[in-house]
Amino acid sequence: MVQVYGIPNCDTVKKALTWLKEKAVGFEFHDFKKEGITALKLKEWLKTVPLDQVLNKKSIAYKNLTEDEKQHINIKTEAIKLMQTNTNLIKRPVVETAGTILNGFSEAAYILAFSKK
């Protein structure tokens, strides 16, 4: 089963969910705002994809970090703590499918990931 993590009112998440529905890809949605995210799940993602693909440095949440937090966010353990307490720091959506992690929405990446099925 495909797992989609995000925030339902995020435009990028909406694009991804619409694409998945149009292609009849079954998925479960995990709402960061209601359900949060575990450190274990973040560590799991970071084994597969680099931190700079999970951490959204273009977000308002990132821009609102203190200089000290920005200095330490490149340390995985610190980044995990910050992303756990502020899920807006996570690039959305995060899609788990067949051992692949997709961050954000790219139609080309989705076509490639879901054409394997």
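Note that the numbering runs from 1 along the sequence shown for the chain. Hydrogens, waters and symmetry mates are skipped; everything else that's a heavy atom, side chains included, is used.
For the 3.5 Å distance criterion, the side chains of Trp45 and Glu96 qualify, holding a donor opposite an acceptor.
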Between Thr18 and Lys21, does the side-chain contact (heavy atoms from CB on, under 4.5 Å) criterion hold? Intermediate values first, please. CA-CA 5 Å; Thr18 297; Lys21 289 174 187 172; 5.8 Å; no
- Task: Report the C-alpha distance between Ile90 and Val54 in whole Å, list the side-chain angles of each, state the deciding distance to 0.1 Å, and finish with yes or no for side-chain contact (heavy atoms from CB on, under 4.5 Å).
- Result: CA-CA 6 Å; Ile90 302 171; Val54 178; 4.2 Å; yes
* Applying side-chain contact (heavy atoms from CB on, under 4.5 Å), run through Lys23 and Phe114 and close with a yes or a no. => CA-CA 9 Å; Lys23 305 299 183 215; Phe114 293 103; over 6 Å; no
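For the pair Asn56/Leu89, no side-chain contact is recorded, criterion being any heavy-atom separation below 4.5 Å from C-beta on. With a 4.5 Å cut-off on side-chain heavy atoms, Arg92 and Phe105 do not count as touching. Annotation: side chain of Ile73 is in contact with side chain of Tyr62 (closest heavy-atom distance under 4.5 Å). Side-chain contact between Gln3 and Val95 is absent, with no heavy-atom pair separated by less than 4.5 Å. Looking only at side-chain heavy atoms (C-beta outward), Val13 and Pro8 stay at 4.5 Å or farther from each other. Considering only heavy atoms from C-beta on, Thr87 comes within 4.5 Å of Lys33 through its side chain. A 4.5 Å side-chain heavy-atom check between Val4 and Val94 finds every atom pair outside the cut-off. Contact annotation: the side chain of Thr97 never approaches that of Phe27 to less than 4.5 Å [non-hydrogen atoms, C-beta and beyond].
Using a 4.0 Å cut-off between charged side-chain N and carboxylate O, Lys41 and Glu44 make a salt bridge. In this structure, Lys81 does not pair ionically with Glu69, as no charged nitrogen and carboxylate oxygen lie closer than 4.0 Å.
The line from NZ of Lys91 to CG of Leu55 is 10.5 Å long, rounded to the nearest 0.5 Å.
No more than 12 heavy atoms of other residues, nucleotides or ligands shown are found within 6.0 angstrom of NZ on Lys15. Shown here is Lys70, whose NZ atom has more than 12 heavy atoms of other residues, nucleotides or ligands within 6.0 Å.
Connection of Ile7 to Leu17 is not established within any shared hydrophobic cluster, with ILVMFWY side chains joined at heavy-atom distances below 4.5 Å, either directly or through further cluster members. Ile37 and Phe29 are assigned to two separate hydrophobic clusters, defined by single-linkage of ILVMFWY side chains at heavy-atom distances under 4.5 Å. The hydrophobic clustering, which links ILVMFWY residues whose side-chain heavy atoms are closer than 4.5 Å, places Leu51 and Ile75 apart. Phe32 is connected to Leu65 through a chain of hydrophobic side-chain contacts under 4.5 Å among Ile, Leu, Val, Met, Phe, Trp and Tyr, so both are in one cluster. Tyr110 and Val25 fall within a single hydrophobic cluster, where Ile, Leu, Val, Met, Phe, Trp and Tyr are joined by side-chain heavy atoms under 4.5 Å apart, directly or via other members.
Side chain of His72 to backbone of Glu67: no donor-acceptor contact under 3.5 angstrom is found.
What you find for Asn86 and Ala61 is that their closest heavy atoms are ND2-CB, 3.5 Å.
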